[in-house]
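Protein chains get the first letters and strands the later ones, always in sequence-line order, with residue 1 at the start of each. The analysis underlying the following values was restricted to heavy atoms, covering all of them including side chains, and did not include hydrogens, waters or symmetry mates. The structure displayed is predicted, hence computed values, not measured ones.
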Protein chains: 4
Amino acid sequence: MPVEDVRAASQRAARRSQILEAAKHVFSEAGYHGASIHAIIERAEIARGTFYLYFESKEAVFGAVLDEAMTGLRRRIVRIETGLGARSPKDQLTDMVSSLLEFVVADRPLATVLLSSSSTPDAEAAARLAAFYTEVRSVIALSLETGVQIGLLRRCDPELTAAALLGLVRGIVEHCVSRGESPPIEDVTRELIDLALVGVLAR
Amino acid sequence: MPVEDVRAASQRAARRSQILEAAKHVFSEAGYHGASIHAIIERAEIARGTFYLYFESKEAVFGAVLDEAMTGLRRRIVRIETGLGARSPKDQLTDMVSSLLEFVVADRPLATVLLSSSSTPDAEAAARLAAFYTEVRSVIALSLETGVQIGLLRRCDPELTAAALLGLVRGIVEHCVSRGESPPIEDVTRELIDLALVGVLAR
Amino acid sequence: MPVEDVRAASQRAARRSQILEAAKHVFSEAGYHGASIHAIIERAEIARGTFYLYFESKEAVFGAVLDEAMTGLRRRIVRIETGLGARSPKDQLTDMVSSLLEFVVADRPLATVLLSSSSTPDAEAAARLAAFYTEVRSVIALSLETGVQIGLLRRCDPELTAAALLGLVRGIVEHCVSRGESPPIEDVTRELIDLALVGVLAR
Amino acid sequence: MPVEDVRAASQRAARRSQILEAAKHVFSEAGYHGASIHAIIERAEIARGTFYLYFESKEAVFGAVLDEAMTGLRRRIVRIETGLGARSPKDQLTDMVSSLLEFVVADRPLATVLLSSSSTPDAEAAARLAAFYTEVRSVIALSLETGVQIGLLRRCDPELTAAALLGLVRGIVEHCVSRGESPPIEDVTRELIDLALVGVLAR
DNA sequence: AATGAATGAGGGTTCATTCAT
DNA sequence: CATGAATGAACCCTCATTCAT
């Protein structure tokens, strides 16, 4: 690939990022419907037409914002190793949750979009997000089943519990995001893990 | 108040309810922005102008729908009695949660509206919902503090834990609502309580 | 039907006509694409939204304009009677053509729209006009065949001749419309009929 | 002119032709407004900017397409010779019409553009086409007058008849173009001439 | 000469809200 | 009280044209 093309491609990617970033902020502040192309291009400091050079439609940018977020999350979701020599499940879980929280909480707009967008934007994107959450619930449910089988966890309805745990995490993220400044991630993580693992009851 | 006025007032209230019911369904199916006045008045079988005799604006009906829901929920939220002769906290909690779930899950549109609307519809309504959730979190947080003080619960960050627990409940409601037919409320309640109290870990 | 409804219906029809009339002018001046909703509502002196209370879309008004024109034309197109006691075919034809020309030439915008709109507006309307012209050609072709069979007309390719005659009429209409003031319709009609019947050659 | 310049000029002309050809197709398929620069440059396989190196605007290409067509037509329109030793007017006319039809019908896109473009695209080009048709009508009208004077033709309104004859030709061209495969040009020509000269009536 | 990213005016359409009846 | 025709701001999107490379 000639040098100019490389530069062109990278410039194009940069522009795309710039728009994506602007869109993420606008979506997070106004929701899908409340967000106007006007607001996005104003924030991105580009012309109306330019927007449509990079994204087919409002729905498309929203999808892209979501995809980006989901990719970031997926990269941080890993299976818990239970083999010999593996670190303790709780430690692994702690690392994973910590990493996830860090990613989400650090990018407040992203978190807002992720949290708020059960509001059916327009079919496909909503479906994609729903699919993502279903996917996450499945991972959790499977982990729960495994945990039960190896006797680490008590018996429970895996699906329901997975849904509850996902909600629990969302609740915590919302908490962190809603206040100007959230407590250190490691503290939050510890509380989260403790709550999920041993509940609130005193022994 | 003369008889006619009483009748008039009750008729007025009935009309209002009729619109409110229609609006709740429409909001739950289409979200705040997706809901159109047209859809609401069509469902309520009234004329356009009539709508505005009962509600100031779209935002106002949405607020009313929310308020109605919140009233129903508030009625079911009670302090846990810890005095002598009181039933066990767990039993009280179970009853309360059970009652709340029943109320919410039975009225799917209501549940949908409650769940979906962190998506900032339009400032005020969103604020009202946020305020409601804050209120709920406060109740939970206070209960947690009390529980810790009397040694029933282990120490934790009450605010954070309250947020997590609220999320947990929402996750479960979402789970129940999302499938066509949810498991018996009492089972769901038991799982919820167990998870919250003792977590997932086997003893 | 109650009196108010009658009035309402007639008012509605009047409004519709008003918009239709404005649209006809605008379409005739700017063509389908060149015509903007803005121009139409400005001419009709109504608000943007009002337009859409009466017509679904720009395409729909165009279709309505066309339909109106086609209805007017169809009413004036009749079969030539060849039975005993019927007036001479030439006289019948003269009357018909005269009536058609009068209708079209008197309404210049209408004529313009009819003439100019092979310009593919948008699928359906274009198809409708094309269908109309096809229909007219068919009527002419059939008449020609009949005429040939009864020995009134010389042999010819009916389809081709019908197309030519239709074009001939359109040419004349265009001529009449293009000049500010056209010659008396009866003169034009006579020339048209003569040309079609006996051509330009001297006997 | 240096050799390089000659080559350059011819290359430039070739490029221009290439764009013109693409434009003609696009205009004929989509009409003036429906045609997009995008479609033209795609078909011509050139870049956006390049287009504007050869044509000032969309309107300008359209004008050029029209001019090209009109040039082709003009070359085939000749005066009928009436002097001694000239071939019979009918034969001359037949040759001319035949040549014209061949030119137009063979280049369907061109025919489509010519036929469809009374739809005022954008003032100037429309004016040019109108001027062309006026010019053609004048030639026909003059020929008619001459024919009448020398007793070859019966008396008629030359202007009106010219308009009618032009329409007649357009009707026939439309007929030929609209069907996938038109009858042999010579047959069409004969019908056309016969119709124009002696009409449809049996002698 | 050639490119194509960028521009922004302008297009059609929707819909919450008002007000004369 | 109830009605629904009328309003017009705001929306998303297209596309002819420009200009830095």
Practice item. Figure out the CD1/C1' separation between B:I40 and E:dC15, and round it to whole Å. Key: 12 Å
Study note, to complete from the structure: When every non-hydrogen atom of C:A64 is compared with those of C:F55, the smallest separation belongs to CB-CE2, 3.8 Å
Point to revise | A:T50 side-chain N/O to E:dA5 phosphate OP1/OP2 under 4.0 Å | key: no
Study note, to complete from the structure: Comparing B:K58 with C:G34, nearest DNA chain E nucleotide closer to 5' gives the residue C:G34
Revision key, fill the gap. D:H38 NE2 to F:dA16 P, in whole Å, measures 10 Å
Study note, to complete from the structure: When rounded to whole Å, the NE2 to P distance for the pair A:H33 and E:dA16 reads 11 Å
Revision key, fill the gap. By nearest-nucleotide position on DNA chain E, the 5'-leaning member of A:E45 and C:A35 is A:E45
Point to revise | Side-chain touch A:T112/A:E29, heavy atoms, less than 4.5 angstrom | key: no
Practice item. Would you indicate which nucleotide in E:dT17, E:dT14, F:dC11 comes nearest to any side-chain atom of B:S57? Key: E:dT17
Exercise for review: Identify whether any heavy atom of B:L53 sits under 4.0 Å from a base atom; if not, whether one sits that close to sugar-phosphate; answer base, sugar-phosphate or nothing.
Suggested key: base
**Study point:** Identified pairing partner of F:dA20, criterion: Watson-Crick or G-U wobble below 3.5 Å
**Key:** E:dT3
Practice item. Tell which nucleotide pairs with E:dG8, taking only Watson-Crick or G-U wobble pairs whose two distances are both under 3.5 angstrom. Key: F:dC15
Practice item. Take the protein atom CD of C:Q11 and the nucleotide atom C1' of E:dA20, then report the distance between them rounded to whole Å. Key: 11 Å
Point to revise | Closest-nucleotide 5' rank along DNA chain F - winner of B:F51 and C:F51 | key: B:F51
Practice item. State whether the distance check finds a donor on one side and an acceptor on the other, under 3.5 Å, for side chain A:R48 versus base F:dT14. Key: no
Practice item. For side-chain contact (heavy atoms from CB on, under 4.5 Å), just list the numbers for A:V61 and A:E56, CA-CA rounded to whole Å, side-chain angles, deciding distance to a tenth of an Å, and then say yes or no. Key: CA-CA 8 Å; A:V61 226; A:E56 251 187 359; over 6 Å; no
Revision key, fill the gap. Separation of F:dT7 atom C1' from C:I37 atom CD1, nearest Å, is 16 Å
Review point. To the nearest angstrom, how far is C:R16 atom CZ from F:dA5 atom C1'?
Key: 16 Å
Check your understanding: Is the phosphate of F:dA6, meaning OP1 or OP2, less than 4.0 Å from a side-chain N or O of C:R15?
Key -> yes
Review point. Is there a side-chain polar atom (N or O) of C:Y52 under 4.0 Å from OP1 or OP2 of E:dT14?
Key: no
Review point. Any idea which of F:dA5, E:dG11, E:dG10 is nearest the C:S36 side chain?
Key: E:dG11
Point to revise | Side-chain heavy atoms of B:E42 within contact of B:V26, under 4.5 Å | key: no
Practice item. Would you mind reporting whether D:R108 and D:H25 have side-chain heavy atoms less than 4.5 Å apart? Key: no
Point to revise | Non-hydrogen atoms of A:A22 and A:I40 that approach each other most closely | key: CB-O, 3.7 Å
Exercise for review: Check the distance between F:dC15's P and D:E42's CD and give it to me in whole angstrom.
Suggested key: 13 Å
Exercise for review: Write down the distance between CZ (B:F55) and P (E:dA16), rounded to a whole number of angstrom.
Suggested key: 15 Å
Exercise for review: Could you check which of E:dG10, E:dT17, F:dC1 has an atom nearest any side-chain atom of B:R12?
Suggested key: F:dC1
**Study point:** Sugar-phosphate, base or nothing in reach of B:Y54, heavy atoms under 4.0 Å
**Key:** sugar-phosphate
